[in-house]
Amino acid sequence: MASVGPSAASTQPALPSGPAVFKTIPYAFILPEIVCGTWVWILVAASSVSLPLLQGWVMYVSLTSCLISLLLLLSYVVGFHRNSENWKVLDSLYHGSTAILYMSAAVLQANATIHSEFDASAPLNYQLNCAASFFAFLTTFLYILHAFSIYYQ
């Protein structure tokens, strides 16, 4: 006769809610993702957009990711997940796909930065694009770190 032990679902760590979201490692990355992503679209919007197709994609990815991450953070803080395991899958898929999209946006922003380097009339645009590139790659790293930490948890 098989022994009755704790189920696999009960050994999984509980999803945090409330202020514990900011203390639990994979979920504590959401707030820095939002802050760094906000810096990306603020810096791109502050520069004179010389390549609208490239920097338009950067703006789309950063703004959309910030809004969805903010909704995800609010749902964790409020406890909307009700400790469902499907939220871990959703969170991992969201952060993994967003990391790929952010990597493409960061590379395009770096390309726009290289093009703005040779514009001698506006050295401020080069500095703004450099800062936007830095924050885009930092945000990409945060999304990758979040996706892998949930996957390996």
Side-chain angles (χ1 to χ4, degrees), residues 2-47 49 51 53-116 126-153:
S3 65
V4 178
S7 66
S10 66
T11 60
Q12 294 286 334
L15 292 173
S17 61
V21 171
F22 302 107
K23 299 174 188 172
T24 309
I25 268 305
Y27 308 101
F29 293 130
I30 296 176
L31 190 60
E33 291 164 2
I34 293 170
V35 171
C36 291
T38 303
W39 273 112
V40 171
W41 66 266
I42 288 173
L43 290 167
V44 172
S47 69
V49 178
L51 300 167
L53 188 61
L54 300 182
Q55 290 180 305
W57 176 250
V58 175
M59 288 289 288
Y60 173 75
V61 169
S62 61
L63 189 58
T64 305
S65 301
C66 282
L67 292 176
I68 294 174
S69 292
L70 183 63
L71 289 173
L72 191 63
L73 178 66
L74 289 175
S75 66
Y76 278 127
V77 168
V78 172
F80 184 68
H81 54 79
R82 294 189 182 103
N83 208 18
S84 172
E85 287 298 314
N86 295 334
W87 277 86
K88 282 187 178 181
V89 174
L90 173 79
D91 198 351
S92 181
L93 287 175
Y94 166 69
H95 281 90
S97 61
T98 305
I100 293 168
L101 293 176
Y102 238 109
M103 179 58 81
S104 70
V107 168
L108 291 176
Q109 179 58 38
N111 187 16
T113 302
I114 291 169
H115 280 79
S116 69
Y126 176 68
Q127 294 170 353
L128 289 172
N129 284 327
C130 281
S133 295
F134 170 76
F135 280 109
F137 281 107
L138 180 64
T139 308
T140 303
F141 176 70
L142 288 171
Y143 276 106
I144 290 171
L145 198 60
H146 189 129
F148 276 119
S149 63
I150 287 180
Y151 179 73
Y152 287 117
Q153 188 179 27

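One finds the CH2 atom of W41 at 8.0 Å from the CG atom of L67 (value rounded to the nearest 0.5 Å). Atom OG1 of T98 sits about 10.0 Å away from atom CG of L93, to the nearest 0.5 Å. Remark: I42 CD1 to S47 OG distance equals 12.5 Å, nearest 0.5 Å. Interatomic distance, I114 CD1 to Q109 CD, rounded to the nearest 0.5 Å: 10.5 Å. Here the CE atom belonging to M59 is positioned 10.5 Å from the CG atom belonging to L43, to the nearest 0.5 angstrom. F134 contributes atom CZ, which lies 9.0 Å from atom OG1 of T139 (distance to the nearest 0.5 angstrom).
Residue G96 comes nearest to A147 through the heavy atom pair N-CB, 3.6 Å, listed as atom of the first residue, atom of the second, then distance. For the residue pair A136 and Y102, the shortest heavy atom distance occurs at O-CD2, 3.8 Å.
Residues forming a side chain to side chain donor-acceptor pair (under 3.5 Å) with S104 (at least two apart in sequence, or on another chain): W57. Applying the side-chain contact (heavy atoms from CB on, under 4.5 Å) rule to T64 yields the partners Y60, I68; only residues at least two apart in sequence or on another chain are considered. A search for side-chain contact (heavy atoms from CB on, under 4.5 Å) contacts involving Y126 returns T113, S116, E117, C130, not counting sequence neighbours. A search for side-chain contact (heavy atoms from CB on, under 4.5 Å) contacts involving A99 returns Y143, I144, not counting sequence neighbours. When the side chain to side chain donor-acceptor pair (under 3.5 Å) test is applied to Y94, the partners found at least two apart in sequence or on another chain are S69.
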Distance-only check: which donor-acceptor pairs under 3.5 Å involve side-chain atoms of residues 29-40, not counting sequence neighbours?
from	atom 1	to	atom 2	distance (Å)
E33	OE1	H95	NE2	3.0
E33	OE2	H146	ND1	3.3
T38	OG1	I34	O	2.6

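Using a distance-only test at 3.5 Å, with no hydrogens or angles considered, no donor-acceptor pair links the side chain of S65 to the main chain of S62.
Between N129 and H115, every side-chain heavy-atom pair lies at or beyond the 4.5 Å cut-off.
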